[in-house]
Amino acid sequence: MAKTELSQKTKTEIEDSSSLKGTLASVFLLGFFLIITWVGVYSLFISRF
Amino acid sequence: MFYPSAKLKVDRRDGKLAMAHFFVAFTALAIGGLAGLLQTLVRSGKFELPAGIGYYQILTVHGVVLGLVLTTFFIMGFQIAATSKTSGTLTNKQRLAGWIGFWLMTAGTVLAAIMILLNEATVLYTFYAPLQAHALYYIGLTLVIVGSWIDGAAIIMKYAEWRRKNPGQPSPLLTFMSLVNTMMWIVATIGVASTVLFQLLPWSLGLVETVNIAVSRTLFWYFGHPLVYFWLLPAYMAWYVVIPKVIGGKIFSDSLARLSFILFLLFSIPVGFHHQLMEPGIDPAWKFLQVILTFLVVIPSLMTAFSLFATFESFGRSKGARGLFGWVKKLPWGDARFTVPFIGMVAFIPAGAGGIVNASHQMNQVVHNTIWVTGHFHLTVATSVVLTFFGVSYWLIPHLTGRTLTKAMNKLGIIQAVIWVIGMTFMSGSMHAAGLLGAPRRSSYSEYGGAAQALEWIPYQVAQAIGGSILFLGIILMLYIFINLAFFAPKGEQEFPVGEPADDAEKAPMVFENWKLWLGITVVLILFAYTIPFIDLIQNAPPGAKGYKLW
C-alpha cells in the first residue's frame with residue numbers, strides 16, 4: 001500500500017501566503033550591493049595608498 | 001492597536017501650528033534651491049555670478065537654508081502633527097510652547113539669513129572656525145536651536161501626559177518615534193550650542209582673541225552626525241507607520257520599529273569622529289572606536305530595510321501575489337503618497353552603501369573632502385529624506401488645510417519625483433564619480449593652473465549643472481503643488497494614514513518606554529567615546545587661531 005501512495009503523490013506546490021522568501025532575496029541583494037560598493041572603493045584605496 | 005486618544009483629524013489649532021512650520025520650510029526650499037542651482041552653474045565654468053556675489057556666500061545660503069532650516073522646520077511641523085493625531089490634541093500650554101519655539105526659530109533664521117545676505121557670515125553651513133562670522137549670525141543660529149528645544153518640549157509634555165493617563169500602556173508608535181527623535185536632537189544640539197556659546201560667540205565679539213579649532217570641530221561633529229539621523233528618522237516614521245496604511249497593509253512589527261529607533265538614539269551620537277578621520281590631534285584608537293559605533297548604526301537601518309520589504313511582501317501575498325517577486329506588482333504605484341517615498345527608500349540603498357565607505361576609517365582617505373561626499377548626502381538627505389517629506393506633504397498639507405489631494409496633483413507629485421530622480425542621477429552620480437577622481441568639494445570653479453587631473457573633472461561638473469537645472473525644475477513643480485494643496489485644492493477630507501500592527505501582534509514591551517535606561521546608556525556611550533579625546537584635545541592644544549574672513 002505504501003508503494004501505491006508514494007506513486008500517487010501529486011506535485012502541488014502550495015505557496016504559503018505568509019512566506020517572506022522575496023524579502024530574504026531582497027535583503028541578500030541589498031547586502032551584495034553593499035559589499036560590491038565597499039570592495040570597489042577598497043580596491044581603489046589599495047591601488048592608491 | 002486602537003488608542004482612544006487617537007484623533008480622526010488633527011485639531012485645527014494644532015494644524016495651524018504645523019502649517020506655520022511648513023510655510024517656512026517651503027520658503028526655504030525656494031531660496032535654498034535657487035542657491036543650489038547657481039552653485040552648479042558656477043562650477044560648470046560656463047557662468048559667473050552677477051553683482052559681485054560670492055560663490056561661497058551662495059554655498060552658505062544653500063547649506064544653512066536647506067540643511068538646517070527646511071529640515072528642522074518640516075520635521076518639527078510633522079512631529080507636532082503626528083503627536084497631536086496619535087496622542088490627542090495639544091493642551092493650550094503645549095501649543096503655546098510650540099508657538100514660542102516656532103517664533104524663536106523663525107526670528108533666528110531671519111537674523112542668520114540677513115547676516116549671510118549682507119556677506120557677513122560666509123562661513124559655510126558647518127561654520128568652520130577659524131572662518132569667523134558676525135556675532136549676530138551665531139546669535140541667530142542659537143535662537144534656532146533654543147527655539148527647537150522649546151518646540152520639542154511640546155512633544156515631550158504631550159508624551160508625558162499620555163503616559164500619565166494610560167499607565168502600563170505603550171505609547172502610540174508615531175508619538176514614541178517623535179519623542180525619540182526630539183530627545184536625540186536635544187542631546188546632540190548640546191554640542192553645537194556649546195561651541196557657539198562658549199567658543200565662537202565670545203571670539204566673534206572680540207572677548208577672546210583665539211579659538212581652539214579642534215575642540216570646535218569636535219563639538220560641531222558631535223552634533224553633525226546625529227543631525228543627519230534627525231533628518232532621517234522622520235522619514236523612517238513615514239516608512240514604518242504611514243506607508244503600510246497607504247498601501248492597505250499592516251505594520252510588520254511595532255516592536256521592531258521601536259527597537260530600531262532606540263538603537264538610533266544610542267548609536268547615532270558617539271560617532272562624530274567618522275567626520276574627522278583625517279584630522280590630526282585625535283588618537284587613531286578613539287577614531288577606531290567611533291568607527292565601530294558607526295557600524296552599529298548600520299544595524300537599525302538594515303532592520304528597517306528588512307521590515308519594509310516584509311511589509312510590502314506580506315501585503316502583496318495577502319492580495320494573492322505568487323513567486324519570488326510577484327508582490328512588487330501589487331503595490332499601488334499610481335499613488336504618490338506611496339510611490340514618492342518609495343523612490344526615497346530605493347535611493348537610500350546607494351546612499352547607505354556610500355556612507356559605509358565614508359565611515360571605513362583609512363578608506364576615508366579615498367573620498368575625504370572630495371565631492372563624492374556631497375554626492376553622498378544629496379542621496380541621503382536630498383533624495384531619501386526630501387522625497388519622503390514631499391510624499392508626506394501630499395496628504396498632510398491637505399489634511400491640515402481641510403482640502404484634498406486631487407488626481408491631477410497626485411499625478412504631478414509622481415512626475416515631480418521622476419524629475420527629481422533624473423536630476424539627481426546626473427548630479428549625484430557625477431559628484432560620486434568626480435570625487436573618486438579627486439575633485440574637491442566646497443570649492444568654486446578653478447582650472448588649477450591647467451593641471452591635467454583637474455581637467456578630468458570638468459565634464460562631470462557640466463553634468464552636475466545639467467542635473468542641478470533639472471532638480472530646480474523639480475523644486476518649482478513641488479512649490480506649485482505645495483501652494484495648490486495649501487490654498488487652492490478643493491475642500492474636503494484627506495486621510496492622515498496611521499498604520500496598525502497585524503491583528504495577532506503582541507503588545508510592545510514596556511522596556512522601550514524606560515527613558516532612564518535608554519538616556520542612561522546614551523550618556524554612558526557618549527562619555528566613553530568622547531571624554532578622553534576631549535581631555536587630550538584641550539591639554540595638548542596647539543596655540544589657538546585668530547578669526548579669518550577670507551571672503
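Letters A, B, ... are given to chains in the order of the sequence lines, protein chains preceding strands, and every chain is numbered from 1.
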Q: Name the region of Leu30(A), side chain, backbone, both or neither, that has any atom closer than 4.5 Å to a heavy atom of chain B.
A: side chain
Q: By a 4.5 Å heavy-atom criterion (distance strictly below it), what part of Phe306(B) contacts chain A: side chain, backbone, both, or neither?
A: both
Q: Heavy-atom distances under 4.5 Å only: say whether Phe315(B) touches chain A with side chain, backbone, both or neither.
A: neither
Q: Between His361(B) and Phe288(B), what is the ring plane arrangement, given parallel below 30°, perpendicular above 60°, and tilted in between?
A: parallel
Q: Do the side chain of His274(B) and the main chain of Val271(B) share a donor and acceptor less than 3.5 angstrom apart?
A: yes
Q: Taking distance alone, no hydrogens or angles, what donor-acceptor pairs closer than 3.5 Å link side-chain atoms of residues 347-360 of chain B to residues at least two apart or in another chain?
A:
residue	atom	partner	partner atom	Å
Asn358(B)	OD1	Trp372(B)	NE1	2.7
Ser360(B)	OG	Trp38(A)	NE1	2.8
Ser360(B)	OG	Ile356(B)	O	2.7

Q: Restricting to side-chain contact (heavy atoms from CB on, under 4.5 Å), what partner residues turn up for Ala257(B), sequence neighbours left out?
A: Leu173(B), Met177(B), Tyr240(B)
Q: Side chain, backbone, both or neither: which part of Leu302(B) has an atom under 4.5 Å from a heavy atom of chain A?
A: side chain
